Amino acid sequence: MHAPSLLPTRRRILSIDALRGLVIVFMLVDHVRETFLLHLQVGDPMDVATTPPALFASRLLAHLCAPVFVFLTGLSAFLYAARQGQGGAASFLAKRGLFLVALELTVINFAWTGAFPPTVIYLQVIWAIGLSMLALACLVRLPRVALVAIGLAIVAGHNLFDALHFAPGHPLHGLWAVLHDRGWLEITDSLRVRTSYPVLPWIGIICLGYASGPWFGAGFPAAARQRRLLAWAAGLLGGFAMLRGLNCYGDRPWVAGATAQETLMSFFNVTKYPPSLLFTALTLGIGLLLLVLLERRHGLLGEKLSVLGSAPMFFYILHLYALRLLHAALSALGMARFEAVWPVWTLALLLSLALFPAVQAFARLKARRRDLAWLKYL
């Protein structure tokens, strides 16, 4: 095995940023859908008998977002540790994790609900990333093999607990709702919390991302890195196909539909909340293939996507408030309700182009003003 160089480096890795940028666009499509197609809401997993194929495909594509974000967060944490040491990485992970949790509870929740003080708080992907970073901060000093074992055990084994539930009022209800069992927490008479992203499986994914970090060290051969990424992608997608074919573990069983199309949709209809083993295998397998592709042939599109991916938190907050303002403007014109999927994709692409200059300017500021430590948190 080639030992990667751990010499300090400020160079960003284009393929990582480009993959992050690509899933940011997919995320934007999904959030436009949630904003303007709310009357055509989909469940988890989706009802293939009532969900139009185009809507199903859009939602399925959006499934790539959270696993790729969390995996790349772990990978980036290793690259930070290579420069700053494990102690520095643990400190940064803990502080940024707490920062993300605070953002979710305040700025991001307000962007979704528009209510202050809030009566409902949705603990979503930024919350899950924040808690995953806090967990990783406690684990970074473990040997790499231990992180791989923990990550695989969580990702592959958490579905064993799918039947475990604790009723409201039980001492373990709140903890289990945060870790694995999506639900509601009654905080006060006027405030409820929805654990939309149970965090346990995401901790497994961030551990696997961190463990993959040495492949991206400055001295690690690109060809060897790509072989490992392709091998992991093949293993994940092969495992998905085998387990899904057996219909025995890792998600709700698929069923034959009235048509071949419905049967195919059922086969790929995986559970995100919390992310099942098959959800993770499918999405990370595709994500690793895309990472190799973007490393080998990124082109101009990859370079543009890497700009979006170099300032993901800035884009996340910016796009939520842009969507809120746009919805208000279109509502005033009576145009805020779409009836098909194609306007969702069109608007998402237009928004990507409209927000690009602001994200590019912020990314350049972040690269230029490394003396401003707070910029790292965005």
Side-chain angles (χ1 to χ4, degrees), residues 1-7 9 11-23 64-86 89-90 92-93 96 128-129 132-133 135-156 201-240 275 277 279-296 298 306 309-310 312:
M1 179 177 177
H2 299 275
S5 169
L6 299 185
L7 294 176
T9 175
R11 180 180 60 85
R12 298 191 68 91
I13 299 175
L14 187 144
S15 59
I16 293 176
D17 282 343
L19 178 57
R20 195 182 283 120
L22 179 62
V23 297
L64 290 172
C65 301
V68 168
F69 274 136
V70 176
F71 183 86
L72 294 182
T73 297
L75 196 166
S76 299
F78 177 87
L79 298 177
Y80 187 89
R83 299 193 304 268
Q84 304 294 333
Q86 292 177 335
F92 178 70
L93 283 166
R96 191 164 193 258
I129 294 175
S132 297
M133 294 179 82
L136 185 59
C138 300
L139 300 172
V140 290
R141 291 181 175 84
L142 293 178
R144 182 167 174 254
V145 65
L147 283 171
V148 173
I150 291 170
L152 290 177
I154 293 174
V155 168
W202 303 110
I203 293 173
I205 293 172
I206 202 172
C207 286
L208 294 178
Y210 188 90
S212 73
W215 301 343
F216 290 82
F220 202 95
R225 171 173 58 253
Q226 292 167 15
R227 284 196 300 270
R228 282 166 170 75
L229 292 172
L230 288 173
W232 271 96
L236 288 167
L237 294 175
F240 167 83
L277 167 60
F279 176 97
T280 302
L282 176 64
T283 54
L284 278 188
I286 295 172
L288 295 181
L289 288 178
L290 290 171
L291 186 56
V292 173
L293 177 63
L294 288 166
E295 182 170 333
R296 289 179 174 178
H298 54 79
S306 71
S310 64

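Bear in mind the structure is a predicted one, so any value in this text is a computation, not a measurement. The residues of the chain are indexed from 1 along the displayed sequence.
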Table please: side-chain donor-acceptor pairs of residues 202-210 below 3.5 Å, with sequence neighbours left out.
unit_1 : atom_1 : unit_2 : atom_2 : d
Trp202 : NE1    : Pro198 : O      : 3.4

I need the Gln86 CD to Leu93 CG distance, nearest 0.5 Å. 11.0 Å
Tell me the salt bridge (charged side-chain N to carboxylate O under 4.0 Å, His left out) pairs involving residues 281-291, sequence neighbours left out? none
So CH2 of Trp215 and CD of Gln226: to nearest 0.5 Å the spacing works out to 12.5 Å
Please report the C-alpha distance between Val68 and Leu22 in whole Å, then the side-chain angles of each, then the deciding distance to 0.1 Å, and finally whether the side chain to side chain contact (heavy atoms under 4.5 Å, CB included) criterion is met. CA-CA 10 Å; Val68 168; Leu22 179 62; over 6 Å; no
By ring pair (Phe, Tyr, Trp, His ring centres under 6.0 Å) - contacts of Phe92 (at least two apart): Tyr80, Tyr377
Shortest non-hydrogen contact between Ile154 and Pro201, atoms and distance: CG2-CA, 3.9 Å
Side chain to side chain contact (heavy atoms under 4.5 Å, CB included) between Leu72 and Val23, intermediate numbers included: CA-CA 11 Å; Leu72 294 182; Val23 297; 6.0 Å; no
Only one of Leu19, Asp17, Ile16 passes side-chain contact (heavy atoms from CB on, under 4.5 Å) with Ser306, and that residue is Asp17
Results of side-chain hydrogen bond (donor to acceptor under 3.5 Å, both in side chains) for Arg141 - residues two or more places apart only: none
Under the salt bridge (Lys or Arg N to Asp or Glu O under 4.0 Å) test, residues paired with Arg96 that sit two or more places apart: none
Kindly give the heavy-atom pair with the smallest separation between Gly309 and Arg12, and that separation in Å. O-NH2, 4.2 Å
For Phe71 and Ser212, which heavy atoms make the closest approach, and how far apart are they? CZ-OG, 3.5 Å
Show the atom names and distances, to 0.1 Å, of all donor-acceptor pairs under 3.5 Å that link a side chain in residues 281-294 to residues at least two apart or in another chain.
unit_1 : atom_1 : unit_2 : atom_2 : d
Thr283 : OG1    : Phe279 : O      : 2.7
Thr283 : OG1    : Thr280 : O      : 3.4

Value for CD1 (Ile129) from CG (Leu136), rounded to nearest 0.5 Å, stands at 12.5 Å
Given Ser76, Ser15, Ser310, the one that forms side-chain contact (heavy atoms from CB on, under 4.5 Å) with Arg20: Ser76
Looking only at heavy atoms, which two atoms of Ala81 and Ala89 are closest? And how far apart? CB-CB, 3.5 Å
What heavy-atom pair brings His298 and Glu295 nearest, and what distance separates the two atoms? CD2-O, 4.4 Å
